[in-house]
Protein chains: 2
Amino acid sequence: MSKIIHLSVPAVSERIRKLEDSGIIMKYEARINRGRLNYKLLAFIFVNIEATNDIQPFRKAVSHLPAVLECHHLAGEYDYLLKVVCMDTQDLEQFISSELKTIQGVQKTNTIITLSSIKEEINR
Amino acid sequence: MSKIIHLSVPAVSERIRKLEDSGIIMKYEARINRGRLNYKLLAFIFVNIEATNDIQPFRKAVSHLPAVLECHHLAGEYDYLLKVVCMDTQDLEQFISSELKTIQGVQKTNTIITLSSIKEEINR
DNA sequence: TTTGAAAATAGGTATTC
DNA sequence: GAATACCTATTTTCAAA
């Protein structure tokens with residue numbers, strides 16, 4: 001008998017299986033302490049893309065950059081928002097000049113440094 | 001024999017145990033498809049806090065708001081950046097006016113709506 | 001290789017539509 | 001009466017020693 005949820009083990013298993021099958025649970029993953037692996041700098045970078053032809057290659061490029069944790073298409077002044085992790089400011093500079101700005105069509109960017117993170121979850 | 005990594009099962013288990021014990025692996029979690037649970041709207045909200053006295057209560061308050069996935073302390077024009085999930089624009093309006101702006105010291109806010117997410121990972 | 005715990009499965013009942 | 005969601009009991013699997 002499961003203690004918290006007042007359901008037997010098989011009943012819980014069955015519910016989980018249904019969530020998996022229906023795609024509500026997408027995957028399971030380990031949560032890594034980035035700081036311990038020396039990725040101590042978190043930054044948000046707003047990006048504007050020059051031409052519509054550049055959009056698809058840009059999306060593909062950022063998808064493959066390991067420093068880019070997130071990439072969101074935005075409504076408003078900027079086109080995209082990137083969430084980026086680096087080791088330090090030098091590493092960030094390297095990322096911006098040698099990786100981000102070398103992508104075709106990347107025009108204006110605006111980088112905001114995070115001092116600390118009060119909360120960081122992936123699921124609601 | 002593990003196929004991908006060319007290591008025996010006990011060797012892999014031992015590595016995982018060390019990562020857990022050292023705090024590099026912090027936890028394991030299921031990744032949920034938010035859209036399937038009707039949380040279809042993702043927004044970033046910049047926030048300024050009026051007085052230094054308001055900071056600690058603000059941090060505590062946002063930590064407990066389920067709609068707030070992330071809260072980062074920023075360098076630059078704004079003090080904090082929130083990543084927020086809602087069901088729709090009406091739900092977002094409700095969040096901003098009835099939850100966020102009722103927190104003591106929350107002054108100027110600037111909300112940016114996400115149209116789509118190209119990439120969304122938690123680990124580097 | 002062994003052993004113990006956890007997960008999967010089988011079989012059965014109550015409830016809902 | 002068909003489908004669903006739960007139970008207990010049993011078997012199987014898997015990981016730690």
S.K.: Measure from the side-chain heavy atoms of B/Ser13 and tell me the nearest of D/dC7, C/dA8, D/dA16.
M.R.: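 Comparing D/dC7, C/dA8, D/dA16 against the side chain of B/Ser13, the answer is D/dA16.
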
S.K.: Any donor and acceptor pair, going by atom type alone, linking the side chain of B/Arg34 with main-chain N or O of B/Leu42 inside 3.5 Å?
M.R.: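 Such a contact is absent between B/Arg34 side chain and B/Leu42 backbone.
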
S.K.: Starting at CG of A/Leu7 and ending at P of D/dC6, how long is that distance when rounded to a whole Å?
M.R.: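 These atoms are roughly 5 Å apart.
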
S.K.: Whole angstroms only, please: what is the CZ-P distance between B/Arg15 and D/dA16?
M.R.: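 In whole Å, D/dA16 P and B/Arg15 CZ are 16 Å from each other.
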
S.K.: Over all strands shown, is B/Pro10 touching base, sugar-phosphate only, or nothing at heavy-atom distances under 4.0 angstrom?
M.R.: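 No contact at all - B/Pro10 keeps every heavy atom at 4.0 Å or more from the nucleic acid.
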
S.K.: Verify whether the ring centers belonging to B/Tyr80 and B/His72 lie closer than 6.0 Å.
M.R.: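 Ring-ring flag for B/Tyr80/B/His72: false, centres at least 6.0 Å apart.
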
S.K.: To the nearest Å, give me how far apart NE2 (A/His6) and C1' (D/dT8) are.
M.R.: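 Whole-Å distance recorded here is 19 Å.
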
S.K.: Distance check needed: C/dA7 P versus A/Tyr28 OH, whole Å only.
M.R.: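 Going from OH in A/Tyr28 over to P in C/dA7 covers 11 Å.
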
S.K.: Could you tell me the separation between the CD1 atom of B/Ile16 and the C1' atom of D/dC14, rounded to a whole number of Å?
M.R.: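 Distance check: B/Ile16 CD1 to D/dC14 C1' gives 14 Å.
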
S.K.: Given atom NZ of A/Lys18 and atom P of D/dT4, what is their separation to the nearest angstrom?
M.R.: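 Answer to the nearest Å: 8 Å.
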
S.K.: Per the side chain to side chain contact (heavy atoms under 4.5 Å, CB included) rule, which among A/Asp54, A/Leu65, A/Ile49 passes with A/Ile103?
M.R.: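 Only match with A/Ile103 under side chain to side chain contact (heavy atoms under 4.5 Å, CB included): A/Leu65.
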
S.K.: Assess the residue pair B/Asp79 and B/Val47 against the criterion (side chain to side chain contact (heavy atoms under 4.5 Å, CB included)); give the C-alpha distance rounded to whole Å, side-chain angles, the decisive distance to 0.1 Å, and a yes or no.
M.R.: CA-CA 6 Å; B/Asp79 296 326; B/Val47 176; over 6 Å; no

S.K.: Just the rounded figure in Å: distance from C1' of D/dA17 to CD of B/Glu14.
M.R.: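 Value for this atom pair: 12 Å.
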
S.K.: May I have the distance from A/Arg17 (atom CZ) to C/dA6 (atom C1'), rounded to whole angstrom?
M.R.: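 After rounding, the reported distance stands at 19 Å.
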
